[in-house]
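Computed from a prediction, not measured in an experiment: that's the story for all the values here. In the text below, chain A, chain B and the rest are named by the order of the sequence lines, each starting its count at 1.
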2 protein chains.
Amino acid sequence: MNPASTTDSPLSQRTACPVTRAQTIMAGKWKIVLLWHLSTGTKRFHELEQLLPGISKGILTRQLRELEADSMINRRVYREIPPKVEYSLTEIGHSFLPILDQMAAWSNQHFPPES
Amino acid sequence: MNPASTTDSPLSQRTACPVTRAQTIMAGKWKIVLLWHLSTGTKRFHELEQLLPGISKGILTRQLRELEADSMINRRVYREIPPKVEYSLTEIGHSFLPILDQMAAWSNQHFPPES
DNA sequence: CTGTATCCGTTGGGATACTG
DNA sequence: CAGTATCCCAACGGATACAG
C-alpha cells in the first residue's frame, strides 16, 4: 500500500553511530533468539514458531521480515501446496554470531545466571 | 513513593538467555552513546546534557538511573549549593567497551557509513 | 545545577480472525 | 502451511512546568 516503498528497509535507519546501527538490527524481542536458532541450520516457519513458545504468527513474521531487510537472514519460498518457506542465516548473519558469543561471555562473567 | 521498591533494578529483568541480558542493558535510545562519552572520563549532568543534543532532562535522568541500576555507571553526589553530580563508568561498564568496539567494527565492515 | 512530576504521542508486541 | 489484517494495550521517549 505504500506508494514508493514496498520494502521498508531498517537499513535506512543508519545513524552516524556504527554501534547504534548494530544495536538497532538486533533490537526486537525475538531477534537474538531467532538468530541463535538459525545458527544451527535452516528452519521452516512452523519450526521457528514451535521453538519460540508464546510468539504469535504476526510478530514472528515481522521479526523475520526485519531481519531479512537487514540482510541477516535468507527467506526461500517453495511455491507448493501446502506452502513451504525456509529461513537461514546469510553470511552477514553468520558473521554476527561472534558478537553474540562475546555478549554471552560478558553476561555470564558479570551477571552469572545462578548467583 | 513506592512501598517496597525505591530502586527498580533492571537486573531483575534477568532472562535465561545471557545475550538478552546484555542486550537489555544497552537497550534505550541514549545508553550506548552515554557509555561512549563516559569512556573518556567522569562527566557532570549538564555536560552529558550538552553532549547529547536534543535529550530532555527527564529522559537523561532515567537513562542514567537505569545504567546505574545495571551497575554500569557510578553516580556521585556532592551535597553543595549549587548541586554537583558526577557520573563515571564502573569496572563492569569499562568491561563492556570491547563489545561496543566489536559491534562498531562489524557494522563498519558490513554496513559501511558511506557506501 | 540537578533533578521530579505530569501528560502526551509514537512505537512495538500480542491476540484473533481470516486467506492463498 | 504460512502467512495477512485488524485491533488492543503497555512501554518508551519527549515536552513542559515545577522543586530542592
Side-chain angles (χ1 to χ4, degrees), chain A residues 1-2 6-8 10 12-13 15 20 23-34 37-38 42-70 73-88, chain B residues 1-2 5-10 12-13 15 20 23-34 37-38 42-70 73-88:
Chain A
M1 284 304 173
N2 288 342
T6 38
T7 51
D8 269 347
S12 62
Q13 296 173 352
T15 62
T20 301
Q23 204 270 336
T24 300
I25 289 177
M26 64 175 168
K29 185 168 179 179
W30 306 92
K31 290 188 181 173
I32 288 172
V33 65
L34 275 172
H37 282 304
L38 290 177
T42 297
K43 298 278 183 301
R44 296 185 58 173
F45 185 86
H46 79 276
E47 289 184 278
L48 294 172
E49 206 173 357
Q50 291 166 358
L51 287 170
L52 277 50
I55 197 173
S56 65
K57 297 172 185 294
I59 296 302
L60 178 54
T61 300
R62 189 200 294 171
Q63 303 268 306
L64 287 169
R65 290 298 206 286
E66 288 178 5
L67 285 172
E68 186 192 9
D70 281 331
I73 64 174
N74 294 125
R75 177 172 178 267
R76 179 167 185 187
V77 181
Y78 296 82
R79 298 224 152 268
E80 313 169 348
I81 303 294
K84 173 179 169 185
V85 180
E86 285 182 346
Y87 294 91
S88 59
Chain B
M1 283 303 170
N2 288 343
S5 70
T6 37
T7 51
D8 270 346
S9 170
S12 62
Q13 295 172 352
T15 62
T20 301
Q23 204 272 334
T24 300
I25 289 177
M26 64 176 166
K29 186 169 178 178
W30 306 91
K31 289 188 183 174
I32 289 171
V33 65
L34 275 172
H37 282 304
L38 290 177
T42 296
K43 299 278 183 301
R44 294 185 59 174
F45 185 86
H46 80 276
E47 288 183 277
L48 294 172
E49 206 173 359
Q50 290 166 359
L51 287 169
L52 276 51
I55 198 174
S56 64
K57 297 172 186 295
I59 297 302
L60 178 55
T61 300
R62 189 200 294 172
Q63 303 267 306
L64 287 169
R65 290 299 205 286
E66 289 177 6
L67 286 172
E68 186 191 11
D70 281 330
I73 64 174
N74 293 124
R75 176 171 178 266
R76 180 167 185 186
V77 181
Y78 297 81
R79 298 224 151 268
E80 313 169 346
I81 302 294
K84 173 179 170 184
V85 179
E86 284 183 346
Y87 293 92
S88 57

If I take atom [atom1] in residue [X] and atom [atom2] in nucleotide [N], what distance separates them, rounded to the nearest angstrom?
X	N	atom1	atom2	answer
A:Glu47	D:dG3	CD	C1'	16 Å
A:His46	D:dA2	NE2	P	6 Å
A:Glu49	D:dA2	CD	P	8 Å
B:Ile81	D:dA19	CD1	C1'	12 Å
B:Leu64	C:dT2	CG	C1'	11 Å
A:Glu80	D:dG3	CD	P	13 Å
B:Leu60	D:dA15	CG	C1'	15 Å
A:Glu86	D:dC1	CD	P	15 Å

Which of these passes side chain to side chain contact (heavy atoms under 4.5 Å, CB included) with B:Tyr87: B:Leu34, B:Thr42, B:Leu64? B:Leu64
Supply the atom-to-atom distance B:Arg62 CZ to B:Ile55 CD1, rounded to the nearest 0.5 angstrom. 10.0 Å
Separation of B:Lys31 NZ from B:Glu66 CD (nearest 0.5 Å): 3.5 Å
Looking at D:dC1, D:dG3, C:dC1, which one has an atom nearest to any side-chain atom of A:Pro82? D:dC1
Can a side chain N or O of [X] be found less than 4.0 Å away from OP1 or OP2 on [N]?
X	N	answer
B:Arg75	C:dG3	yes
A:Arg44	D:dC1	no
A:Arg65	D:dT4	yes

Within the structure shown, what part of the strands sits under 4.0 Å from B:Tyr87 by heavy-atom distance: base, sugar-phosphate, or nothing? sugar-phosphate
Where do A:Arg75 and A:Val85 come nearest, in terms of heavy atoms and distance? CG-CG1, 3.8 Å
Write down the atom of B:Ile73, the atom of B:Glu68, and the distance for their closest heavy-atom approach. CG1-N, 3.6 Å
Consider side-chain hydrogen bond (donor to acceptor under 3.5 Å, both in side chains). Of B:Arg44, B:Glu86, B:Lys84, which one does B:Tyr78 pass it with? B:Glu86
All N/O contacts under 3.5 Å from nucleotides 13-20 of chain C to the protein, with atom names and distances to one decimal?
residue, atom, partner, partner atom, Å
C:dG13, OP1, A:Lys29, N, 3.3
C:dG13, OP1, A:Gln63, NE2, 2.9
C:dG13, OP2, A:Arg62, NH1, 2.9
C:dG13, OP2, A:Gln63, NE2, 3.3
C:dG13, N7, A:Arg62, NH1, 3.4
C:dG13, N7, A:Arg62, NH2, 3.3
C:dG14, OP1, A:Lys29, NZ, 2.6
C:dG14, OP2, A:Trp30, NE1, 2.9

Minimum side-chain heavy-atom gap B:Ile59-B:Trp30 below 4.5 Å: yes
